[in-house]
Amino acid sequence: HDASARAEILSFLSSAKPDAVLTGSDMIAIIVYGAAAELGLRVGRDLAVVGFDGTAGTALLHPQLTSVVMPVDEIAGRVVGRALRQIERGHDDDPGETVATWLREGASAPPRRTG
């Protein structure tokens, strides 16, 4: 949310002229929306934007943000469950886990037409 981050995004968009931007969070995607507007770019038409974490409030963006959704409740349950098992049984050497995510499709990154 600071001015330097916005300035860096503006600089990147104006110099690299990307077709699409995949952000590290939905909050950064919101900054990209603002920077794109400042440069006269329309999200979803001139620039595809994809967020990451599935923040509920981004449904209010226009066009609606496409975002990778993180199943936070499921992840939290697994972490707490493993911590409790380790408290009861001691440290384990089990590997980490993979948790499926999904894409909440919006109009900020329309599908590319092929052919």
In terms of hydrophobic clusters joined by side-chain contacts under 4.5 Å, are [X] and [Y] together?
{"X": "Phe12", "Y": "Val50", "value": "no"}
{"X": "Met27", "Y": "Leu10", "value": "yes"}
{"X": "Leu61", "Y": "Ile28", "value": "yes"}
{"X": "Val43", "Y": "Leu39", "value": "yes"}

Rounded distance (nearest 0.5 Å) linking atom [atom1] of [X] with atom [atom2] of [Y]:
{"X": "Leu13", "Y": "Asp46", "atom1": "CG", "atom2": "CG", "answer": "11.5 Å"}
{"X": "Thr55", "Y": "Leu65", "atom1": "OG1", "atom2": "CG", "answer": "8.5 Å"}
{"X": "Glu8", "Y": "Arg6", "atom1": "CD", "atom2": "CZ", "answer": "13.0 Å"}
{"X": "Ser14", "Y": "Leu41", "atom1": "OG", "atom2": "CG", "answer": "9.5 Å"}
{"X": "Arg85", "Y": "His91", "atom1": "CZ", "atom2": "NE2", "answer": "13.0 Å"}
{"X": "Ile75", "Y": "Thr101", "atom1": "CD1", "atom2": "OG1", "answer": "8.5 Å"}

Do [X] and [Y] come within less than 4.5 Å of each other through their side chains, counting heavy atoms only?
{"X": "Trp102", "Y": "Val68", "answer": "no"}
{"X": "Leu47", "Y": "Val21", "answer": "yes"}
{"X": "Leu22", "Y": "Val49", "answer": "no"}
{"X": "Phe52", "Y": "Met70", "answer": "yes"}
{"X": "Thr66", "Y": "Leu103", "answer": "yes"}
{"X": "Thr58", "Y": "Arg104", "answer": "yes"}

**OP:** Please answer whether the main-chain N or O of Ser11 pairs with a side-chain N or O of Ser15 as donor and acceptor at a distance below 3.5 Å.
**Re:**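 Yes: the side chain of Ser15 pairs with the backbone of Ser11.
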
**OP:** Check step by step if salt bridge (Lys or Arg N to Asp or Glu O under 4.0 Å) holds for Asp94 and Arg82.
**Re:** CA-CA 10 Å; Asp94 293 345; Arg82 184 170 183 177; 5.1 Å; no

**OP:** Check the side chains of Asp26 and Ser67 for a donor-acceptor pair under 3.5 angstrom, ignoring hydrogens and angles.
**Re:**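 Short answer, yes.
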
**OP:** Provide the closest heavy-atom pair for Ala100 versus Pro71 in the form atom of the first, atom of the second, distance.
**Re:**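 Distance-wise, the nearest heavy atoms are O-CG, 3.4 Å.
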
**OP:** Locate the shortest heavy-atom distance separating Ala107 from Pro63; write the atom from each residue and the value.
**Re:**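 Taking Ala107 first and Pro63 second, the nearest heavy atoms are CB-CB, 3.6 Å.
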
Original post:
For Gln86, does the CD atom sit with more than 12 other heavy atoms under 6.0 Å from it, leaving out its own atoms?
Top reply: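 Enclosed: over 12 neighbouring heavy atoms sit under 6.0 Å from CD of Gln86.
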
